[in-house]
2 protein chains.
Amino acid sequence: MMHKTLKHEIKADYLLERGMELLWSKGYNATSVNDIVVAANVPKGSFYFYFDSKEDFAIKAIDKYFQAQFAPAQEILLDKTVSPKERLLNFHEFRCNVLKNEMECKMGCLACNLGNEMAEHNENIRKAILQRETLVQAQITAVVKEAQELGEIDSTLNAADIVAFFEDAGKGAMTTMKEMKSAYPIDNFMNMVRAILLK
Amino acid sequence: MMHKTLKHEIKADYLLERGMELLWSKGYNATSVNDIVVAANVPKGSFYFYFDSKEDFAIKAIDKYFQAQFAPAQEILLDKTVSPKERLLNFHEFRCNVLKNEMECKMGCLACNLGNEMAEHNENIRKAILQRETLVQAQITAVVKEAQELGEIDSTLNAADIVAFFEDAGKGAMTTMKEMKSAYPIDNFMNMVRAILLK
DNA sequence: AGATACTAGATGACCGGTCAATTATAAAAT
DNA sequence: ATTTTATAATTGACCGGTCATCTAGTATCT
């Protein structure tokens, strides 16, 4: 298992791609290894050649998720040609639109879903999610700080705290979105971003 | 199953009480019917005498959860001897303290947990949660409106929207609390309640 | 005796994970 | 260049165990 062939990487990646969707939509316990191999049209026995365990698969899927999902949003967040405040607006609008349009208000966020389901009873998955979310928040916080220092937005509240609060509000909005099967919580969140965070 | 005896009710209720804790902590798919009957020290075969199915059990557990958890908070929220703004403060502080002290930052909220895990794929559970959450929000909104009309708090934002936003923020804070294994998200939420909602 | 309340044990489906066997690839020998 | 040998990659069949649910019965009433 030392040196992995290209074919190996491609198949493992395809397994991850299809399996990620299942974990995202159905959660960890409701997604079986068999579901994953069937979705990727890969023989059952091969799964454990590509991955050590179902848990290992989930953690690699989380990694892929953050890479794939956050990368385009990050580009907007760090675009130096745009003012910090406007970047924050574009960043949040982009993420909300993805949730609303691409996901049809049904799936929410893989990390939140798995975090909610697994954090209490699986340390490896918990830490994988927490570590990546921490990185994301640090980047948003930096831009909020920038906007505060420029006087573009209110600076009575600590940047890290207000970012943590709004990230949590976004998480909760996704939960409610799934419960309501409606975009209202996301639209409402976006309005509050404009009215409070970017005030 | 027509006429239910007192003994029947008591046993069913005890099953619900112990099973609720399991659903709360481990979620739906990770809690087996066997786990529940063992926890309640009830004979294995009896489960389906008291409940139609695992789903039926979960819905009744959700009902019990809202009754048990919201009732004391509701009393604070509706206490007419206290001003609306102060009632909102006490209400949120009470709920946060429950999360921090009684739950050791580990379990969050049964409704959010099950909602996140099950909403997309189980309509009955989804509706059961949504219906009860809607009732709770309506009661909070009424008090916010009251406080706004008295000029105790800011009224630039629509009461229902700001309540929905803060309820979502609370949900997200619980998710993050579980991920971080820390009370920070809850404390941060409470600070924002004071700084924004009750401003 | 008959009805009702209750439960032990069984059921087939499915779970995550393993494994002996097969196939593809490469190295060595001719 | 072809055959032989050795190794790595891949696989369907299968493991013990657990799942939600049901059946067939026993106990407890009236």
Quiz item: Are any of S46(B)'s side-chain N or O atoms less than 4.0 Å away from OP1 or OP2 of dT7(C)?
Solution: yes

Quiz item: What pairs with N34(B) under side-chain hydrogen bond (donor to acceptor under 3.5 Å, both in side chains), at least two apart in sequence or on another chain?
Solution: none

Practice problem: Return the set of residues passing salt bridge (Lys or Arg N to Asp or Glu O under 4.0 Å) with E117(A) (not counting sequence neighbours), or none when no residue passes. | Solution: none

Exercise. With sequence neighbours excluded, tell me which residues meet side-chain hydrogen bond (donor to acceptor under 3.5 Å, both in side chains) with E149(B).
Key: none

Practice problem: Grab the OH-C1' distance between Y50(A) and dT11(D) for me, whole Å please. | Solution: 10 Å

Quiz item: How close or far is atom P of dT10(D) from atom OH of Y14(A), stated in whole angstroms?
Solution: 17 Å

Quiz item: Separation of F49(A) atom CZ from dG12(D) atom P, in whole Å?
Solution: 14 Å

Self-check item: Distance flag, aromatic centroids of Y50(B) and Y14(B), threshold under 6.0 Å
Solution: no

Quiz item: Please, which pairs that meet salt bridge (Lys or Arg N to Asp or Glu O under 4.0 Å) have at least one residue in residues 68-87 of chain A, sequence neighbours excluded?
Solution: R87(A)-E146(A)

Quiz item: Which parts of nucleotides 10-18 of chain C does protein reach within less than 4.0 Å, heavy atoms only, written one letter per nucleotide 5' to 3' as B for base, S for sugar-phosphate only and - for none?
Solution: B----SBBB

Exercise. Using side-chain hydrogen bond (donor to acceptor under 3.5 Å, both in side chains) as the criterion, list what pairs up with K54(A), not counting sequence neighbours.
Key: none

